[in-house]
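Everything below concerns the one structure shown next.
Proteins get letters first, then strands, A, B, ... in listed order; numbering begins at 1 in each.
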Number of protein chains: 2
Amino acid sequence: MISHTSTHSVSPVIPEEIAGLRMTRQRQEVYRNLIEQRDHPTANEVYMRVKDRLPNISLATVYNCLEALVEHGIIRQVNFERESSRYCPNLTEHGHFHDAVTGIIHDVDFKPGFNLADLVELPPGAVIDDIEITLRGKVTSA
Amino acid sequence: MISHTSTHSVSPVIPEEIAGLRMTRQRQEVYRNLIEQRDHPTANEVYMRVKDRLPNISLATVYNCLEALVEHGIIRQVNFERESSRYCPNLTEHGHFHDAVTGIIHDVDFKPGFNLADLVELPPGAVIDDIEITLRGKVTSA
DNA sequence: ATGAGAATAAGAATCATTCTTGCTTTTGAT
DNA sequence: ATCAAAAGCAAGAATGATTCTTATTCTCAT
């Protein structure tokens, strides 16, 4: 019997179309890369990685693919300070914890019952459409 | 008797030194501008405004002043998406509400007892050094 | 098969920000 | 007050992420 030690020993099959977006070869590889390596790569990092399978892809195309995926709600774009944008396939509502030591960005889920309007003094009449929470700190392994 | 209708009819006097930073004329004007108009201007907006009083100031100097003020903890730099950095003289811990209609950025204070660690699933051992909360939405005046 | 519209690659352009350089001001001894 | 050293400044060049442009190549419905 065959056992898999990695969760990604086989590349996931990406459908022809997602959320109304035609998944071209380039878009597939960009998206596959994001869901396989669930980190938060920059466009340039995706570009580097995807060149294994598509040696002729251009950085502009990676940007185009990422933009198309973001606009169709298939992935999210996240920005930290003034750094390059990063991309994230996690569509659940979540924040980010930025480990200052390792540089690793962890997704942080909101606990059940989380309601930000209870916690901050919003301007009167304010309706929240979008929440962005970024934390920075360290992870003490002790 | 003289009555003041504006809270800023007189420009505040800026000390010679703040938090160990020598307040040169340029730094004074940049800082004065931020505390007078308590909005969240970009470097370029500060540059435009400050030219009234210092017609020869350069944009690079505005950037230098803002950087010096930020590094000495006198003002804060805030970034929204990939837009130009904005600067904020409010040193209390607070978040921002971005009105999608007017573009106005409101400071939002945290309610008493606010503790984000209670609300999100942090990675084990995580210690939060810095919190950044940005909300986007509308303000319904009705 | 074919023509219109979509997607791509390559490189130019943009724009906020940072860097460099030469000059001016301030500071802190003397 | 004097003067060297340090700090600050203005102007413009350089940088770097992202977007735009253009010419070429696909895709898909007819």
Output a table of donor-acceptor pairs, distance under 3.5 Å, between side-chain atoms of residues 65-79 of chain B and any protein atom two or more places apart or on a different chain; print 'none' if there are none.
from	atom 1	to	atom 2	distance (Å)
B:His72	ND1	B:Ala68	O	3.0
B:Arg76	NH1	B:Leu91	O	3.3
B:Arg76	NH1	B:Thr92	O	3.0
B:Gln77	NE2	B:Ser85	OG	2.9
B:Asn79	OD1	B:Ser85	OG	2.5
B:Asn79	ND2	A:Glu81	OE1	3.4

Just distance, no hydrogens or angles: give the donor-acceptor pairs under 3.5 Å from side chains in residues 108-115 of chain B, sequence neighbours left out.
from	atom 1	to	atom 2	distance (Å)
B:Asn115	OD1	B:Ala117	N	3.3
B:Asn115	ND2	B:Asp118	OD1	3.4

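Atom NE2 of B:His98 is separated from atom CD1 of A:Ile128 by 14.5 Å, given to the nearest 0.5 angstrom. In this structure, A:Tyr31 OH and A:Glu36 CD are separated by 11.5 Å, a value rounded to the nearest 0.5 Å. Remark: B:Asn90 CG to B:Asp107 CG distance equals 4.5 Å, nearest 0.5 Å.
Closest of all the heavy-atom pairs between A:Phe97 and B:Ala126 is CZ-CB, 3.8 Å. What you find for B:Tyr47 and B:Ser58 is that their closest heavy atoms are CE1-C, 3.7 Å.
Applying the salt bridge (charged side-chain N to carboxylate O under 4.0 Å, His left out) definition to pairs two or more places apart or across chains, those involving residues 23-32 of chain B are B:Arg25-B:Glu29, B:Glu29-B:Arg32, B:Glu29-B:Arg53.
Contact footprint of chain B on DNA chain C: nucleotides with an atom under 4.0 Å from a non-hydrogen protein atom, first to last in 5' to 3' order, C:dA16 to C:dT27.
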Nucleotide-resolved protein contact map, nucleotides 24-30 of chain D, B/S/- at heavy-atom distance under 4.0 Å | ---S---

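Rounded to 10°, the helix from C:dA1-D:dT30 to C:dT30-D:dA1 has 30° between the axis fitted to its first five pairs and the one fitted to its last five.
Residues meeting the salt bridge (charged side-chain N to carboxylate O under 4.0 Å, His left out) test with A:Lys138, sequence neighbours left out: B:Asp129. For B:Arg22, the salt bridge (charged side-chain N to carboxylate O under 4.0 Å, His left out) criterion is met by no residue, not counting sequence neighbours. In this structure, the salt bridge (charged side-chain N to carboxylate O under 4.0 Å, His left out) partners of A:Asp39, at least two apart in sequence or on a different chain, are A:Arg49. In this view, A:His106 satisfies the ring-ring contact (aromatic ring centres under 6.0 Å, His included) rule with no residue, not counting sequence neighbours.
Remark: A:Thr24, A:Gln26, A:Arg27 in residues 24-34 of chain A come within less than 4.0 Å of DNA chain C through at least one heavy atom. Sorted by residue number, the members of residues 61-91 of chain B with any non-hydrogen atom under 4.0 Å from DNA chain C read B:Tyr63, B:Ser84, B:Ser85.
Among the protein residues, B:Asn44 comes within range of no part of the nucleic acid, since none of its heavy atoms lies under 4.0 Å from any strand.
B:His96 and B:His94 share a donor-acceptor pair across their side chains, judged by distance under 3.5 Å alone.
The closest donor-acceptor contact from the side chain of A:Arg86 to the backbone of A:His40 lies under 3.5 Å.
Under the 4.5 Å side-chain heavy-atom criterion for Ile, Leu, Val, Met, Phe, Trp and Tyr, A:Tyr63 and A:Leu21 are members of the same hydrophobic cluster.
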